[in-house]
Q: 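One structure follows; several queries about it will come next.
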Amino acid sequence: MKDITILGIETSCDETAAAVVKNGREVLSNVINSQINIHEKFGGVVPEIASRKHIEAISYVVEEALKQANMTWDDIDAIAVTYGPGLVGALLVGVGYAKALSYALNKPLVAVNHIEGHIAGNYITFKDLEPEFLCLVISGGHTHLVQIEDYTKFRILGKTMDDAIGEAFDKVARVMELKYPGGPKVDLLAKQGDPNKIELPKVHVDGLNFSFSGIKTAVINLNHNKKDIKKEDLCASFENSVTKMLIQNTKIAIKEYNFKKIALAGGVSANSYIREKFMELGKELDVKVYFPELKLCTDNAAMIASAGYYNYIEGARADLTLNAIPNLKLDRKQ
Ligand code: KG4
Ligand code: ZN
């Protein structure tokens, strides 16, 4: 089969990213312009600022992705862009840019779901990983337990009923006066704490769904009311508590559906404690555990180009009516 080279564009939140990926798995370039230092002083992403910064950065980021891949436009077979979920103004910058490129260069356009992109991060890291498998998508905006039936076919088995897990990490970090995004800082502090030091509420949720807001609120209240608690212990106990919830549902899903492979995806899958506990789970249940390399866990465009490739070879094409869909669902095709 002829090689297919895709340019991916990602602007759903606070990273302006472009990447060139061959045949869905081989990364030729992966350029990320992060706005973190701009949003840091506000304690979270300011949507209006995010859109403006994407507009300033996008041309440079796309050019740089081509340059680093040592390619010209003639070498690109299609343009893949994130069209949701995410911040509408931020998404529109990428979607508008990709539509203009597709029109001007007469190249096919492929619309990519951001969550599908996170899942595809695993295909880049593990060249032999193929569906079917179970994927736990844990990011700043999503917490989904997904059956990956095929490259573009998904069944959601469970999801959060309230906060996304990354949101809970960031909120807990914020009340402890750790800088945005707090997840990585909680991860570091927790390494020096005792995960069993503080008892947090055990939350019961129906089916394979999750809930993080009760645990988050308990941590916030303890941090506020009990000045003698060490932040390290609170971070470690918080991680222990949310990880137990992730493991509990994943375990049920593995047993119920007889999965042989499980993958983690999304920014929170960079967490070292969660990774450690899922490796242990893999050993316990004799299933293979995958997680993307660290730079492919958080937002990037290589994962979008990879997911774009699998949609492209199935014939998915978007046209110039493509719009951003801020609350796009994983199991909905456009
Ligand atoms: O996937 P992502 O870049 O964006 C969304 O699609 O939401 O995820 C960002 C989230 C943030 O909440 C960030 O705090 C969290 O991932 N995160 C982490 C770690 N690294 C990033 N959370 C816990 N531990 C980490 N090491
Ligand atoms: Zn993301």
Side-chain angles (χ1 to χ4, degrees), residues 8-17 19 30 32-36 39-40 43-45 47 50 81-87 90-91 94 112-122 135-144 146 159-160 163-176 178-191 193 195 212 215-216 219 234-236 238-243 245-246 263-278 291-304 306-307 326-330:
I9 296 178
E10 154 66 39
T11 63
S12 68
C13 191
D14 59 347
E15 329 277 355
T16 318
N30 188 14
I32 305 172
N33 182 68
S34 177
Q35 306 173 0
I36 283 179
H39 298 287
E40 204 178 65
V45 177
V81 65
T82 306
Y83 75 116
L87 302 168
L91 288 164
V112 175
N113 183 310
H114 181 80
I115 310 173
E116 204 175 319
H118 273 303
I119 296 165
N122 282 288
C135 188
L136 180 65
V137 184
I138 41 177
S139 74
H142 317 280
T143 314
H144 286 349
V146 189
K159 60 178 191 245
T160 181
D163 297 357
I165 187 168
E167 238 178 300
F169 264 95
D170 292 342
K171 195 69 205 283
V172 160
R174 193 173 168 165
V175 297
M176 291 185 195
L178 305 171
K179 279 190 175 165
Y180 174 84
K185 283 122 200 159
V186 172
D187 190 349
L188 276 179
L189 269 187
K191 284 186 203 290
F212 300 102
I215 302 169
K216 174 195 76 180
V219 172
L234 205 47
C235 286
F238 167 74
E239 278 190 352
N240 181 14
S241 180
V242 294
T243 306
M245 178 166 292
L246 296 177
L264 269 64
V268 182
S269 66
N271 183 272
S272 54
Y273 184 80
I274 294 177
R275 285 180 172 233
E276 188 189 312
K277 291 294 158 194
F278 271 83
F291 10 72
E293 59 194 283
L294 288 178
K295 68 171 186 294
L296 293 174
C297 288
T298 42
D299 291 349
N300 65 88
M303 67 184 198
I304 302 303
S306 173
N327 60 352
L328 183 67
K329 301 284 176 280
L330 181 61

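Order of listing sets the numbers, starting from 1, for every ligand and every atom in it. For the numbers below, each heavy atom of this structure counts, side chains included, while hydrogens, waters and symmetry mates do not.
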Q: Do we see a donor-acceptor contact under 3.5 Å between the side chains of S272 and K191?
A: yes
Q: Quick check: are there more than 12 heavy atoms from other residues, nucleotides or ligands sitting under 6.0 Å from NZ of K185?
A: yes
Q: Hey, does H118 come in under 3.5 Å of ligand 1, counting only N/O atoms on both sides?
A: yes
Q: Would you compute the distance between atom CZ of R174 and atom OH of Y180 and round it to the nearest 0.5 angstrom?
A: 10.5 Å
Q: Please round to the nearest 0.5 Å and tell me the distance separating atom OG1 of T143 and atom CE of M245.
A: 10.5 Å
Q: Nearest heavy atom to atom 13 (C) of ligand 1: which of V186, D170, D14, V268 does it belong to?
A: D170
Q: Can you tell me how far OG1 of T243 sits from CD of E276, rounded to the nearest 0.5 angstrom?
A: 9.5 Å
Q: Touching ligand 1 at all, P184? Heavy atoms, strictly under 4.0 Å?
A: yes
Q: Could you state the interatomic distance from CG (L328) to CD1 (I115), rounded to the nearest 0.5 Å?
A: 7.5 Å
Q: Among all protein heavy atoms, pick the one closest to atom 24 (N) of ligand 1 and tell me residue, atom and distance.
A: N271 ND2, 3.1 Å
Q: Rounded to the nearest 0.5 Å, how far apart are CG of L264 and CG of L246?
A: 8.0 Å
Q: Does the shortest distance from the Zn ion (ligand 2) to an N/O/S atom of C13 fall below 2.8 Å?
A: no
Q: What do you reckon, does D299 have a nitrogen or oxygen under 3.5 Å from a nitrogen or oxygen of ligand 1?
A: yes
Q: Check all N, O or S atoms of H118 and name the one closest to the Zn ion (ligand 2).
A: NE2
Q: Could you pull out, from G183, G166, G267, the option with a heavy atom nearest to atom 21 (C) of ligand 1?
A: G267
Q: Can you name the atoms of ligand 1, numbered from 1 with element, that are less than 4.0 Å from a heavy atom of G141?
A: 7 (O)
Q: Set out, in order, the CA-CA distance, both residues' side-chain angles and the distance that settles side-chain contact (heavy atoms from CB on, under 4.5 Å) for E239 and F169, then state yes or no.
A: CA-CA 9 Å; E239 278 190 352; F169 264 95; 3.9 Å; yes
Q: Under 4.0 Å from a heavy atom of H114: which atoms of ligand 1 are those, numbered in the order shown and with their elements?
A: 6 (O)
Q: What atoms in ligand 1 come closer than 4.0 Å to a heavy atom of D187?
A: 24 (N), 25 (C), 26 (N)
Q: Return the residue, atom name and 0.1 Å-rounded distance of the protein heavy atom closest to atom 10 (C) of ligand 1.
A: G140 N, 3.5 Å
Q: Of all the N, O or S atoms in D299, which one sits nearest to the Zn ion (ligand 2)?
A: OD1
Q: Report the distance from atom NE2 of H114 to atom SG of C13, rounding to the nearest 0.5 Å.
A: 7.5 Å
